[in-house]
Every structure is written in structure tokens, then in C-alpha cells.
Amino acid sequence: MPIYTTACPRNCYSTCSFKVLVKDDKIRSIEPHGENKAAGEGVCLKGLSYVERVYSKDRILKPLRRNRVSNEFEEISWNDAIEIIAFKLNEIREKHSQKSVLYYSASGTKGLLNGVGSSFWKMYGGCTTTYGDLCWSAGLEATRLTLGDNKHNAPWDLENAKLIIMWGKNPAETNVHQIKHIDNAIENGARLVVIDTRRTESAEKADMIIQPRPGTDGALALAAANILIHNDWIDKEFIANNVFGFEELKNSIKDYSVEKASEITGVPEGQIYKLAELIGTIKPMTINAGYGMQRYTNSGQTMRAILSLISLTGNIGKPGAGWMFANLQTGIFDSVKDPIASYPPKNADGIFRVSIPTTQLGKGIIEQTDPPIKMIWVERGNPIPQNPNTNKVIEAFRSSEFNVVIDQFLTDTAMEADIVLPAKSMFEQSDIIGAYWHPYIQLRQKIIDPPGEVKPETEIYYLLAKEMGFPDSEIGENLPFPSDETIEKFLAKKLEPFPELSLERLKENPVIAPGHEEIAFADLKFPTPSGKIELYSEEANSRWNVDSLPTYNEPVESAKSSKFSLSLMTPNTKNRIHSQFNNLELIKQISAKPVISINPEDAKRRNIKNGDLVKVFNDRGNLTIEAGLTFSIKAGAVSITNGWWLKDGATVNILSADRETDMGHGAAFHDNMVEVEKV
Ligand SMILES: Nc1nc2c(c(=O)[nH]1)N[C@H]1C(S)=C(S)[C@@H](COP(=O)(O)OP(=O)(O)OC[C@H]3O[C@@H](n4cnc5c(=O)[nH]c(N)nc54)[C@H](O)[C@@H]3O)O[C@H]1N2
Ligand SMILES: Nc1nc2c(c(=O)[nH]1)N[C@H]1C(S)=C(S)[C@@H](COP(=O)(O)OP(=O)(O)OC[C@H]3O[C@@H](n4cnc5c(=O)[nH]c(N)nc54)[C@H](O)[C@@H]3O)O[C@H]1N2
Ligand SMILES: [Mo]
């Protein structure tokens with residue numbers, strides 16, 4: 001049986017390498033690839049379910065057209081689909097403007113070929129696009145402002161840490177391969193602290209579990225920083241040489257007492273003190289900041305406050321020490337290094353009108369005038385369940401004249417399309433992918449031909465460009481001709497500047513990105529304006545209008561300001577990637593139905609018993625789902641995992657506000673108060 005090396009392109013820390021066994025042109029099984037030192041222990045259940053996903057009976061295999069009256073889809077030919085879309089593109093450009101077309105893409109798959117979309121839209125004369133990010137941009141920006149760059153030690157270096165703080169990250173579900181490194185560190189004598197409003201599986205081996213009230217981690221960090229300074233548990237020499245703004249921070253937090261922080265966070269005073277003591281006395285320490293606590297309106301400042309703890313103790317640039325948040329060291333092909341670069345108003349008048357915030361997609365589409373949005377094109381994304389304020393996003397899609405969605409399945413977003421085009425799977429076209437946790441560059445290899453009439457996006461754009469009559473010379477330069485050979489040539493050209501990388505090599509193994517620093521910031525060079533770690537950041541203030549120093553501000557929606565009394569968190573979960581995988585039989589067997597986790601104290605007050613159906617509501621909408629009583633969640637908070645489809649009845653973003661984080665134009669998903677009552 002032929003065996004191929006490939007890598008999973010989902011938006012996931014692990015970005016696993018694996019081997020695929022093929023017989024009679026069909027994928028038979030998926031096996032681990034031993035060469036990936038970060039994610040060595042095999043694929044997760046989602047990975048194993050690819051065997052089903054590729055051949056799923058629900059996969060879209062032909063273009064579909066929706067009848068807006070009956071709401072039924074009918075299969076149409078590629079010729080018809082391309083003709084209809086080209087006609088609409090011409091019509092909209094003539095009647096309105098090319099900027100009446102919104103090109104929306106999200107995190108459905110990684111790959112360099114994703115860039116061909118922009119090449120096509122450039123040839124069309126431009127279009128409207130979005131800015132900001134659903135995922136991590138508050139943390140990215142806080143890290144960039146503080147350290148100057150988003151990079152961290154190699155994943156396996158965590159085994160050198162003597163203190164690991166897992167802060168708002170749940171690797172037992174979202175980065176399963178990290179657990180091995182944590183276990184090895186613990187065997188080597190490391191202590192583990194987990195800071196999460198929920199007591200998750202990741203806390204099983206923890207020495208200490210801290211459960212702050214949602215969105216209050218900034219106060220916890222500032223109090224811990226104050227204790228460190230007060231007890232002289234800081235690295236004065238490191239600070240003198242490498243830290244900018246120490247005196248200012250020291251003064252600004254001198255009244256941040258343990259009592260005050262305890263009152264804000266709901267964390268016992270003794271625990272706050274103990275946390276500071278561990279940080280102050282055990283070295284080396286790695287803080288692995290996850291994405292959970294950066295989904296609030298105060299998140300950038302929270303992340304800066306947490307960053308101060310590694311800065312004050314000199315825990316960076318050494319084995320076992322550092323700030324693990326995002327490792328963009330595989331971004332060697334990116335022309336733009338600043339991930340927050342393409343913001344308005346800078347680009348609002350360029351070819352691309354970058355004018356609609358991803359976090360306010362519905363509102364942005366509806367409110368855009370001059371020109372208004374008439375057509376929406378979606379690929380690699382499922383914004384109806386995944387973007388904030390689902391009802392508004394649905395309204396926006398319905399207000400647009402003509403929508404095209406490319407996807408493998410009839411998702412909630414595809415259901416709002418006039419034309420649905422079938423999307424390739426990861427096995428049906430080669431591409432090169434990076435990662436955001438480990439340092440490997442990998443080839444996502446073409447292994448089988450697409451089933452049915454599926455065509456990769458590159459081919460869709462090529463056919464459309466031809467139909468639109470774009471000059472051959474321009475097409476040739478911008479869009480690879482749709483054959484395996486030209487795609488390989490296109491990829492090989494991208495690899496040319498890097499002699500270490502070749503398609504032949506990548507066909508066998510994952511390869512560490514050229515220039516990779518196993519220990520990030522070992523040279524103690526921080527590309528910030530002062531050249532030092534910036535506790536005090538002028539840019540934080542000038543760019544985002546927050547205090548130049550890290551501060552704690554109460555989340556916009558909280559028990560203090562809202563008429564609703566429970567904070568709703570909507571984290572990620574083990575057996576889905578957002579809205580993907582849950583439609584597969586294998587996955588359904590073990591994650592059958594949505595549940596809201598609620599503390600028995602909160603449940604009792606509402607006369608809710610385990611398994612009861614409850615209504616979860618606020619002014620934005622409501623859901624009816626089953627209650628799961630558990631002491632693992634802090635009283636005052638409730639939790640439903642995100643990614644459920646509308647038909648599952650638990651699309652959490654029906655309840656979320658389309659609010660931005662304080663920096664990075666991120667989505668404040670968890671800044672979301674609700675009430676729960678028995679139905
Ligand atoms: N299996 C699986 N893996 C994934 C994904 C997936 O969907 N499924 N998604 C991938 C992507 S795109 C991302 S962004 C990452 C995200 O993965 P993680 O970094 O783990 O982030 P989240 O799951 O958003 O949240 C992590 C934890 O933060 C906690 N939390 C929420 N609010 C607070 C708070 O105010 N304070 C503290 N201290 N904790 C809080 C939640 O309870 C949750 O357990 O995972 C990636 N990996
Ligand atoms: N309430 C709440 N909402 C959240 C979050 C949260 O924590 N709470 N997390 C947020 C985060 S971290 C993220 S990253 C976003 C994710 O938001 P999205 O990126 O929109 O999420 P997915 O559900 O992964 O949808 C990706 C879609 O791409 C499709 N797809 C996969 N491969 C291909 C391909 O090759 N071509 C095409 N055309 N399509 C493909 C999939 O079938 C799927 O429908 O969700 C965010 N939403
Ligand atoms: Mo994400």
C-alpha cells in the first residue's frame with residue numbers, strides 16, 4: 001500500500017504530521033509520523049475521522065443553486081455555476097462598484113494557495129474585505145507591544161521548565177500533544193499551576209488550580225506583580241538591562257493589594273499570595289498563555305499584565321523560561337510581519353476596501369454604504385455560527401443580493417448562499433503549511449483526486465477569470481493553471497529562497513523552519529521602540545487608547561453592570577475544531593449533544609436539576625439546552641462549547657455581542673452575561 005506523509009491544516013496548535021495509507025485510490029488509514037518532535041504521539045480523534053470525512057455522504061460533490069423562494073438547493077453544472085457568478089460579478093461592478101463585493105475568508109484550512117483568492121479579487125478591480133480577527137489578536141498585539149515579536153521556545157523546551165503556568169489554556173482538549181511535554185516536565189520535577197475559570201482535564205496533575213471570575217485575570221496578575229516587587233522576588237539586574245517602565249509600573253500598582261484582587265477575582269487571598277511566591281521563587285518558569293482570557297473587552301491589558309510577571313522575574317530567553325502564546329516562526333513566506341497591519345483607514349481607499357470588522361460582520365455589512373454590500377463570497381469560514389452576534393450575521397447575509405459559499409458541507413453559512421461550490425479536502429490538493437505552536441514547515445500532500453466534481457479554489461478562480469475575460473497574460477501571472485504539475489511548480493517557487501526546504505524533502509518529513517530559534521529571545525533583543533521589554537508602552541496608548549501601563553478594567557458586561565447575572569464562556573472543545581467534525585458519525589458517537597455547564601449552587605437557586613432543559617437568554621437571543629451540573633465551573637459562570645450548528649440548537653453566538661477587544665480588533669466572545677431558567 002502506498003504511504004504518504006502529510007499534515008493537518010486545521011486551525012489548531014498541534015498541526016500534526018501523519019502518514020496516510022492508500023489502497024485502490026482510497027484513503028484507508030491514518031497513522032502517526034514519528035518525525036514531529038512536538039506532536040509525536042499520533043493523531044487525535046478528529047484526525048482519525050478524516051477517513052470518514054473525505055467520503056462522507058453529506059459532502060457536497062457538485063455546485064448547488066438555491067431557490068430563494070422554496071429555499072431548496074438543486075445541483076447545477078460547473079458551466080452554469082461559473083456563468084451565473086461571472087454575470088453577477090460584472091453586473092454588480094457596473095451597477096454599483098467592485099467594492100460592493102465582500103470577500104470573506106476565515107480559518108478553515110491553512111496553506112499558501114489561500115493567497116490566490118486575493119490575486120483573483122485584485123484582477124477583478126478590488127473588493128471589500130474584513131479586518132481584525134476572531135481568535136487571538138488581543139494577545140498577539142499585547143505580546144508585540146511588550147516583547148516586540150510573537151515567538152516562543154520550541155514546544156519540547158517546556159520540559160526544561162520547573163514552573164509551568166497554564167493560564168487560560170486547556171491543552172488537554174485544544175493541544176493534546178502538549179500534555180506529553182507537560183507530563184515530562186512534571187516528571188523532571190516541575191510544578192504546574194492552572195488558571196482557568198473552569199476546572200478542566202488540563203488541571204488533573206496541577207499543584208494549584210486558580211479559578212478567577214471571568215475576565216478578571218488582569219487584577220490577579222497586577223496583584224501578583226505587586227507582591228513580587230514588594231518581596232524583592234524580582235530579577236533586578238535583568239530589569240535594569242532589559243525592561244522599560246519598571247518604576248512606572250511599580251508605582252502604578254503599589255496599591256494593588258491581595259485583598260483588592262481577591263475581591264475582584266473571587267480568588268482566595270492565600271492563593272494569590274502563593275501564586276506570586278511560586279513565580280518569585282521557582283526558576284525557570286514558562287507562562288503558557290492560552291486564548292481563553294483574551295476574549296474579553298479588557299483582554300489586551302490583561303495579557304500585558306500577565307506578561308509583566310515573566311518580565312519582572314527575567315524568565316525569558318533561556319531554556320524552560322518564557323511566554324508561550326503564539327509562535328509565528330514558521331511565517332517565513334509572509335510578506336507582512338505585523339499581523340495587525342492591514343487596518344483602516346490606511347487601506348480603506350486602496351484596491352481592497354478593508355472596512356468591515358470581522359467581529360462585527362453583520363453590522364458592518366448592513367451598515368456599509370457608498371457602496372453598499374450586494375454580494376458576499378465566503379471561503380474557509382463559517383461565520384454564521386462562529387462570528388459574534390449570529391442573528392445579525394444572518395440578517396446581513398439575507399440583506400445581500402447574491403452570496404457564494406465554498407465549503408465541503410452544507411453549513412449554516414452555506415445555507416444562506418445562492419450558489420454553493422464544493423470545496424476540496426486536505427488530501428485533494430498539495431499545499432505548504434506552517435504552524436503557530438511548533439516550528440515545522442510541512443507539505444499537505446495531494447493523495448487522492450477530488451471526489452465527484454469537486455474542484456480546488458485555485459481552479460474555481462481560474463475558471464472564473466477565464467469566464468470574466470481577464471487577459472491571459474494577467475491570469476498566467478497571478479493564478480496557477482489548475483493542474484497538479486503547475487501547483488507543485490508554484491509551491492516549489494515559494495521554497496526557492498530556502499535551500500533547506502524542497503518539495504522532495506517535505507514529501508518525506510516535516511522540516512524545521514529556516515532561522516528557527518529553539519530558545520526565543522536568547523539574544524535579549526526585543527524589537528520594541530525602546531529595544532527593551534516594554535511594561536510601559538507609548539504605542540499601547542497612541543494606537544489603542546488604553547493606558548501606557550497594564551491596568552485592570554472591569555469587562556464591559558459583568559455582574560456589576562448587567563441585569564443578567566451569569567457570565568457565559570464559550571470555549572473550544574476536544575472533538576471539534578469550531579464548527580467542523582461534529583457532523584461525522586464517529587464524532588457524534590462521543591459528543592452527542594450540547595450541554596450548559598452550571599455550578600450546582602447557581603442551579604439550586606434556579607431550581608434546576610442535572611439534565612433539565614433550560615433556557616439561556618439575554619437581550620440578543622436565547623437557546624434551549626440541557627443543563628449539566630458540575631462543581632468544576634466557578635459559581636457565577638456558565639459554559640457552552642462553541643461550534644454547534646443552528647440545527648443542534650446551541651449556536652452560542654446567538655448570545656454574544658459584537659464587541660471588540662481593547663486592542664487588536666479581536667472578538668470579546670466571553671464578555672457575555674446571560675440568565676438561565678428552567679423551561
Ligand atoms: N480540539 C480543538 N483544538 C483546538 C481548537 C478547537 O476548536 N478544538 N481550536 C484551535 C483554535 S483556533 C484556538 S484559538 C485554540 C484555543 O485554545 P485555548 O488556548 O485552550 O483557548 P480556549 O479554548 O478559547 O480557552 C481556554 C480556557 O480558557 C478558559 N477561560 C475562559 N475565560 C477565562 C478567564 O476569564 N480567565 C481564565 N483564566 N480562563 C478563562 C476556558 O474555561 C477554557 O478552558 O485551540 C485550537 N485547538
Ligand atoms: N463564541 C465563540 N465563538 C468563537 C470562538 C469562541 O471561543 N467562542 N472561537 C473563535 C475562534 S478562536 C476561531 S479561530 C473561529 C473559527 O471560525 P471559522 O474559521 O469560521 O470556523 P470553522 O468552524 O473552522 O469553519 C471553517 C469552515 O471552512 C470549511 N473548510 C475546511 N477546509 C476548507 C477548504 O479547503 N476550502 C474551503 N473553501 N472551505 C474549507 C469547513 O468545512 C468549515 O465550514 O471561531 C471563533 N468563534
Ligand atoms: Mo482560534
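Each ligand, and each atom within it, is numbered from 1 in the order the structure gives. Counting from 1, the numbers follow the sequence of the chain as shown.
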For this session: Could you pull out the closest heavy-atom pair between A138 and Q294, with the gap in Å?
Result: N-OE1, 3.6 Å

Exercise. Nearest protein heavy-atom contact for atom 23 (O) of ligand 2: which residue, which atom, what distance?
Worked result: S579 OG, 2.5 Å

For this session: Using a strict cut-off of 4.0 Å, indicate which atoms of ligand 1 neighbour a heavy atom of K46.
Result: 1 (N)

Exercise. Which residue owns the protein heavy atom closest to atom 5 (C) of ligand 1, what's the atom, and how far is it?
Worked result: I577 CD1, 3.7 Å

For this session: For the pair Q360 (side chain) and A657 (backbone), establish whether a donor and an acceptor sit closer than 3.5 Å, ignoring hydrogens and angles.
Result: no

For this session: Look at R380 together with E457 and state whether they make a salt bridge at an N to O cut-off of under 4.0 Å.
Result: no

Problem set entry | Any donor-acceptor pair under 3.5 Å from T265 side chain to L220 backbone | no

Problem set entry | Validation row: I633, R199 side chains within 4.5 angstrom (heavy atoms) | no

Exercise. What residue and heavy atom of the protein are closest to atom 35 (O) of ligand 2, and at what distance?
Worked result: K424 NZ, 2.9 Å

Problem set entry | Per-residue contact class, D217 against ligand 1 - non-hydrogen pairs under 4.0 Å | side chain

Problem set entry | Residue A423 vicinity, atoms of ligand 2 by number, heavy atom under 4.0 Å | 36 (N), 37 (C), 38 (N)

Problem set entry | Backbone or side-chain N or O of I406 under 3.5 Å from ligand 2 N or O | yes

Exercise. Got the closest protein heavy atom to atom 6 (C) of ligand 2, with its distance?
Worked result: N642 ND2, 3.2 Å

Seminar exercise, completed: atom 1 (N) of ligand 1: of D671, N170, T573, the nearest heavy atom sits on T573

Exercise. Any chance the rings of Y50 and F581 have centres within less than 6.0 Å?
Worked result: yes

Exercise. Does F581 have a heavy atom less than 4.0 Å from any atom of ligand 1?
Worked result: no

Exercise. Closest non-hydrogen protein atom to atom 26 (C) of ligand 1, residue and atom name please, with distance?
Worked result: G168 O, 3.2 Å

Seminar exercise, completed: min-distance protein heavy atom vs atom 28 (O) of ligand 2 -> R380 C, 3.3 Å

Exercise. If we only count N/O pairs under 3.5 Å, is E173 in contact with ligand 1?
Worked result: yes

Exercise. Do any nitrogen or oxygen atoms of S107 lie less than 3.5 angstrom from nitrogen or oxygen atoms of ligand 2?
Worked result: yes

For this session: Flag the pair W136 / Y13 as yes when their ring centroid distance falls below 6.0 Å, and as no otherwise.
Result: no

Problem set entry | Under-4.0 Å salt bridge between K446 and E428 | no

For this session: Distance to 0.1 Å, residue and atom name: give those for the protein heavy atom nearest to atom 15 (C) of ligand 2.
Result: L134 CD1, 3.8 Å

Exercise. What part of T197, side chain from CB on, backbone N/CA/C/O, both or neither, has a heavy atom under 4.0 Å from ligand 1?
Worked result: both

Exercise. Roughly how far apart are R10 CZ and R576 CZ, rounded to 0.5 Å?
Worked result: 15.0 Å

Exercise. R295 heavy atoms, cut-off 4.0 Å: which ligand 2 atoms fall inside?
Worked result: 7 (O), 12 (S)

Exercise. Of G108, P383, C12, which has the heavy atom at the shortest distance from atom 31 (C) of ligand 2?
Worked result: G108

For this session: Check ligand 2 against N11 and write out every atom of the ligand that is under 4.0 Å from a heavy-atom position of the residue.
Result: 14 (S)

Exercise. Where the side chain of S565 meets the backbone of A559, is there a donor-acceptor pair that is under 3.5 Å apart?
Worked result: no

For this session: Do me a favour and list the nearest non-hydrogen protein atom to atom 14 (S) of ligand 1 with residue, atom name and distance?
Result: Y291 CD1, 2.9 Å

Exercise. For H670 and ligand 1, does the shortest N/O to N/O distance drop below 3.5 Å?
Worked result: no

Exercise. Quick one: which of E457, Q386, E379 has a heavy atom closest to atom 38 (N) of ligand 2?
Worked result: E457

Exercise. Does Y13 have a non-hydrogen atom less than 4.0 Å from ligand 1?
Worked result: yes

Problem set entry | N653, N642, D412 screened by side chain to side chain donor-acceptor pair (under 3.5 Å) with Q386, the one that passes | N642

Problem set entry | Closest candidate by heavy atom, reference atom 22 (P) of ligand 1, pool T641, N575, N572 | N572

For this session: Look at atom 32 (N) of ligand 2 and find which of R576, H578, Q580, R10 reaches it with the closest heavy atom.
Result: R10

For this session: Report yes if T174 has an N/O atom closer than 3.5 Å to an N/O atom of ligand 1; otherwise report no.
Result: yes

Exercise. Please state which protein non-hydrogen atom is closest to atom 25 (O) of ligand 1 and give its distance, to 0.1 Å?
Worked result: G292 CA, 3.4 Å

Exercise. Is E557 salt-bridged to R659, cutoff N-O under 4.0 Å?
Worked result: yes

Exercise. So do the side chains of F325 and H152 get within less than 4.5 Å of each other, counting heavy atoms only?
Worked result: no

For this session: Evaluate the criterion side chain to side chain contact (heavy atoms under 4.5 Å, CB included) for residue pair L275 and I195; output intermediate values, then yes/no.
Result: CA-CA 10 Å; L275 172 69; I195 307 181; 4.2 Å; yes

For this session: With heavy atoms of T411 as the reference, note each atom of ligand 2 found under 4.0 Å away.
Result: 44 (O)

Exercise. Is the shortest N/O to N/O distance between C135 and ligand 1 below 3.5 Å?
Worked result: no

Exercise. Taking only heavy atoms of G215, which atoms of ligand 1 are found under 4.0 Å from at least one of them?
Worked result: 34 (C), 35 (O)

Exercise. Is there a donor-acceptor pair closer than 3.5 Å between any side-chain N or O of S579 and the backbone N or O of G643?
Worked result: no

Problem set entry | N or O pair under 3.5 Å between T109 and ligand 2 | no

Problem set entry | Which segment of N653 sits under 4.0 Å of ligand 2 when only heavy atoms are counted | side chain

Exercise. Can you say whether the rings of W377 and Y461 are parallel (under 30°), tilted (30 to 60°) or perpendicular (over 60°)?
Worked result: parallel

Seminar exercise, completed: The single option from D407, N382, N387 that satisfies side chain to side chain donor-acceptor pair (under 3.5 Å) with T413 is N382

Problem set entry | Which segment of F669 sits under 4.0 Å of ligand 1 when only heavy atoms are counted | neither

For this session: Could you tell me whether N382 and ligand 2 have an N or O pair separated by under 3.5 Å?
Result: yes

Problem set entry | Short N or O distance, R198 and ligand 1, threshold 3.5 Å exclusive | yes

For this session: Please confirm whether H665 and Y131 have ring centers closer than 6.0 angstrom.
Result: yes

Exercise. What is the distance from atom CE of M324 to atom OG1 of T143, rounded to the nearest 0.5 Å?
Worked result: 13.0 Å

Seminar exercise, completed: Checking heavy atoms under 4.0 Å, the part of R53 that sits near ligand 2 is side chain

For this session: Could you tell me whether some N/O pair between P212 and ligand 1 is separated by less than 3.5 angstrom?
Result: no

For this session: Can you figure out which of D196, L45, T265 has its heavy atom closest to atom 29 (C) of ligand 1?
Result: D196

Exercise. Looking only at protein heavy atoms, which one is nearest to atom 44 (O) of ligand 2, and how far off is it?
Worked result: D407 OD2, 2.6 Å

Exercise. Once you round to the nearest 0.5 Å, how far does CZ of R198 lie from CG of N599?
Worked result: 14.0 Å

Exercise. Which atoms of ligand 2 sit under 4.0 Å from any heavy atom of V652?
Worked result: 1 (N)

For this session: List the closest protein heavy-atom neighbour of atom 33 (C) of ligand 1: residue, atom name, distance to the nearest 0.1 Å.
Result: Y296 OH, 3.5 Å

